[in-house]
Amino acid sequence: MSESVKSTKKSPAEGPDAGKLQQAKSDAALPTLGAAGMLRWAWTQLTSMRTALFLLLLLAVAAVPGSLFPQRPANPAVVTDWIKNNPTSGPFLDAVQMFDVYSSAWFSAIYLLLFISLIGCVTPRAIAHYKAMKSQPPRTPKRLSRLPEYGTLVLAADAGIPASKAITDAAGVLKKRGYRVEVRDADGDLPSLGAERGFMKEVGNLIFHTSLIGVLVSVAIGGLFGYSGQRILVEGDTFVNTLVGYDQFSPGTNFQSGWLQPYSVRLDKFQATFDRESPRKTGQPIDYTAEVTTKENTDAPEKKEILKVNDPISLGGTSMYLTGNGYAPVVTVRDGEGNVAFQGPVTAKVQGDNYYSSVVIKVPDGKPDQLGFNGFFLPTAFETEEGISFSADPALANPQLTLDSYYGDLGLDNGVPQNVFELDVSDLTQLNGRKLEAGGITLVLGQTATLPEGKGSITFDSVKKYVGVDIHHNPGQLYALIFGLLAVAGLVTSLYISRRRVWVRTGTHQDGRTMIEYGLLARGEDHRLAGEAAAIRELLANEWQISPHPSDTPDTVSSTTQKDQ
């Protein structure tokens with residue numbers, strides 16, 4: 001019979017109303033969202049946690065080109081050379097701001113979207129959590145036995161503890177354990193309570209996400225209003241914190257030169273300490289110490305300070321770090337007319353072990369021709385049997401200059417920036433060199449070499465030491481550190497604190513015994529919930545001076561903690 005019935009039934013699409021149904025479907029239309037609806041939908045998508053995580057990942061990916069391509073704020077000359085050497089891809093990459101990644105429109109857009117997403121994600125969660133903290137614990141379930149952790153206790157009739165007293169005692173125990181407790185129907189037949197704790201878990205989560213916003217703001221402040229620069233200081237030189245005082249300067253996007261405080265730093269003495277006790281490590285640097293004299297402003301008194309590696313000095317809201325050091329040979333160059341065309345220290349760039357350093361000297365004021373020199377400086381010069389000089393020790397034991405000389409146009413008058421540590425010899429004529437008849441120039445302290453063709457002379461006068469310093473001003477640095485620490489603290493809090501709820505119900509049996517049942521529930525996964533249930537059971541048993549173990553007599557304890565009922 002059932003089979004025949006099934007066979008005679010017709011679907012709505014086959015019945016007499018099939019045409020009406022098809023017509024209704026064809027006439028049906030989804031309601032349009034409209035402009036307000038689209039904006040609401042877009043805001044919901046943007047402020048979701050999934051979008052925030054995606055934007056955070058996208059920001060990390062967007063920062064990768066900044067390490068693959070040279071950046072114009074750090075070194076514009078390198079960027080210019082890169083574009084010149086790559087005529088096809090260079091202009092295209094420049095057009096899409098690959099050489100200005102961190103100030104580009106697309107990187108800023110991702111940064112701002114992430115900032116807005118985090119704010120839109122955290123704000124409603126904070127409001128909802130505030131309301132949850134102010135609200136009462138959830139109502140007591142009808143069947144506590146269905147909770148993940150459940151147990152019962154029984155008080156003997158002669159214990160003199162009625163149901164109302166038992167629920168009050170249980171509330172006191174849970175309050176001491178840090179629960180927020182609400183007693184319900186205390187004078188009824190089945191009084192109960194709801195308890196909750198672990199609100200700091202969500203507070204820690206909110207602190208973590210809020211701190212991420214703080215880090216983003218701090219980094220943005222540093223990028224907008226901070227600056228950094230480098231300067232080489234030879235012993236006796238003074239650095240004044242003005243734009244012209246820097247060898248290299250990288251301003252923030254909204255930086256203004258008027259913000260520079262004109263403090264000064266003079267390098268009085270630099271001392272490098274080398275290992276002289278270990279045979280295998282002899283000559284290895286142990287410590288660097290720069291003795292400097294600082295002035296906060298033009299009217300401030302001088303102050304003696306020590307600058308060391310990883311121990312910067314602070315002046316005018318900036319931090320000055322010791323980043324490098326070397327030797328600066330002091331030379332005097334006379335031109336073909338016998339006049340002093342150049343006199344002073346020349347920074348030697350360390351290239352190898354034992355302070356083996358390259359030297360470049362440019363003399364644009366030489367007459368009748370400009371002069372140029374490049375070669376090497378050796379603090380402790382030794383020569384092999386093949387006639388190759390090398391530095392045997394980083395200390396100044398036998399300083400020596402080995403140079404080649406050139407004359408011609410140095411290219412300093414065409415406005416194109418040049419690297420002070422490189423000499424472009426493409427438009428120069430060589431005077432001295434190993435392969436030339438005149439040979440190379442080798443000078444020891446106090447020695448003078450005369451250049452061929454009456455082009456002048458060069459004298460090796462003395463040797464000074466120099467240091468390289470990095471100067472940083474980042475107004476958001478301290479705040480970034482504070483928010484970073486808060487983010488770690490919030491994350492640790494959210495990981496180690498569990499959100500738990502406890503319900504207890506009491507009642508009186510017909511024989512006069514007081515029956516207690518309790519149940520626990522965790523929000524999310526909590527592998528320590530069973531231990532919490534055992535601890536609460538033991539505290540309740542101690543409160544009523546009974547044994548918490550199920551093996552005791554049935555008139556004092558009943559049942560055991562059970563799971564997943």
Enquirer: Working to the nearest 0.5 angstrom, can you tell me the gap between L233 CG and D247 CG?
Expert: 8.0 Å
Enquirer: Check I497 against G198 and note the closest heavy-atom contact, atom names and distance.
Expert: CG2-CA, 4.0 Å
Enquirer: Quick one: do D94 and R72 make a salt bridge, cutoff under 4.0 Å?
Expert: yes
Enquirer: Taking Q71 for its side chain and M98 for its backbone only, find out whether a donor-acceptor pair lies under 3.5 Å.
Expert: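 Side chain of Q71 to backbone of M98, a donor-acceptor pair under 3.5 Å: yes, one is there.
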Enquirer: Pair up each side-chain donor or acceptor in residues 477-495 with any protein partner under 3.5 Å, not counting sequence neighbours, and list the distances.
Expert:
unit_1	atom_1	unit_2	atom_2	d
T493	OG1	A489	O	2.8
S494	OG	G490	O	3.3
S494	OG	L491	O	2.8

Enquirer: Which residue is it: T318, T298, T294, T242? I am looking for the one with a side chain to side chain donor-acceptor pair (under 3.5 Å) to Y263.
Expert: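 So the option named by the test is T318.
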Enquirer: Could you measure the distance from the CD1 atom of I221 to the CG atom of L216? Nearest 0.5 Å is fine.
Expert: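 These two atoms lie 11.0 Å from each other.
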Enquirer: Say whether, by atom type as modelled, one donor and one acceptor occur between the side chain of S117 and the main chain of L114 under 3.5 angstrom.
Expert: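 The answer is no, because no donor-acceptor pair under 3.5 Å joins these two groups.
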Enquirer: Using modelled atom types only, decide if a donor and an acceptor are shared between the side chain of D526 and the backbone of A522 within a distance under 3.5 Å.
Expert: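 Flag not set: sc D526 to bb A522 has no pair under 3.5 Å.
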Enquirer: Search all heavy atoms of Y102 against all heavy atoms of S67 and return the closest pair with its distance.
Expert: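 The answer is OH-N, 4.2 Å.
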Enquirer: Please check: side-chain N/O of T293 versus main-chain N/O of K303, any donor-acceptor pairing under 3.5 Å?
Expert: no
Enquirer: Spell out, as yes or no, whether a donor-acceptor pair under 3.5 Å connects the side chain of T210 to the backbone of I207.
Expert: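 No, the answer is negative, given that no donor and acceptor are paired below the 3.5 Å cut-off.
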Enquirer: With rounding to the nearest 0.5 angstrom, report the OG to CE distance, S498 to M200.
Expert: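 Separation between the atoms: 13.5 Å.
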Enquirer: Give a yes or no on whether the backbone of V154 and the side-chain of H509 come within a donor-acceptor separation of less than 3.5 Å.
Expert: no
Enquirer: Whether R266 engages the ring of F239 as a cation-pi pair (distance to the six-membered ring centre under 6.0 angstrom, angle to the ring normal within 45°) should be assessed.
Expert: no
Enquirer: So does E302 pair up with K295, basic N to acidic O under 4.0 Å?
Expert: no
Enquirer: Crowded around R528 CZ? As in, over 12 foreign heavy atoms under 6.0 Å?
Expert: yes
Enquirer: What are the two closest heavy atoms between F107 and A62, and how far apart are they?
Expert: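 Scanning both residues completely, I find the closest heavy atoms to be CD1-CB, 3.8 Å.
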Enquirer: List the atom of R125, the atom of H209, and the distance in Å for their closest heavy-atom pair.
Expert: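 So the two residues come closest at NH1-CE1, 4.2 Å.
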Enquirer: Within the 3.5 Å criterion, strictly below it, is a donor on R501 or Y179 matched to an acceptor on the partner's side chain?
Expert: no
Enquirer: Would you say D100's side chain and S103's backbone share a donor-acceptor pair under 3.5 angstrom?
Expert: no
Enquirer: Taking the six-membered ring for Trp, are W82 and F69 ring centroids under 6.0 Å apart?
Expert: yes
Enquirer: State, to 0.1 Å, how close L55 and I110 come at their nearest heavy-atom pair, and which atoms those are.
Expert: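 That would be O-CG2, 3.9 Å.
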Enquirer: Could you tell me whether the side chain of Q261 and the main chain of E296 form a donor-acceptor pair under 3.5 Å?
Expert: yes
Enquirer: Closest approach of R505 and K142, non-hydrogen atoms and distance?
Expert: NH1-O, 3.5 Å
Enquirer: Can you tell me how far apart OG1 (T123) and CG (L118) are? Round to the nearest 0.5 Å.
Expert: 10.0 Å
Enquirer: Give me the ring orientation class for W259 and F225: parallel if the planes are under 30° apart, tilted from 30 to 60°, perpendicular past 60°.
Expert: tilted
Enquirer: Could you tell me the separation between the NE2 atom of H129 and the CG atom of N205, rounded to the nearest 0.5 Å?
Expert: 9.5 Å
Enquirer: Please tabulate, one pair per line, all N/O donor-acceptor pairs under 3.5 Å involving side-chain atoms of residues 183-193, not counting sequence neighbours.
Expert:
unit_1	atom_1	unit_2	atom_2	d
R184	NE	E182	OE1	3.0
R184	NH1	P138	O	2.9
R184	NH1	T140	OG1	3.1
R184	NH2	P137	O	2.5
R184	NH2	P138	O	2.8
R184	NH2	E182	OE1	2.9
D185	OD1	G188	N	3.4
S192	OG	T140	OG1	3.1

Enquirer: Does a donor on one side chain sit under 3.5 Å from an acceptor on the other, for N241 and Y246?
Expert: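 Looking only at side-chain atoms, Y246 and N241 do form a donor-acceptor pair, the distance falling under 3.5 Å.
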Enquirer: Going by the rule salt bridge (Lys or Arg N to Asp or Glu O under 4.0 Å), which residues pair with K175 if we only count those two or more places apart in sequence or in a different chain?
Expert: none
Enquirer: Do the two ring centres, one from Y227 and one from F249, sit under 6.0 Å apart?
Expert: yes
Enquirer: In plain terms, say whether D268 and K304 are close enough for a salt bridge, that is, a side-chain N and a carboxylate O under 4.0 Å apart.
Expert: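 Salt bridge: yes.
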Enquirer: What distance separates L529 CG from E149 CD, expressed to the nearest 0.5 Å?
Expert: 5.0 Å
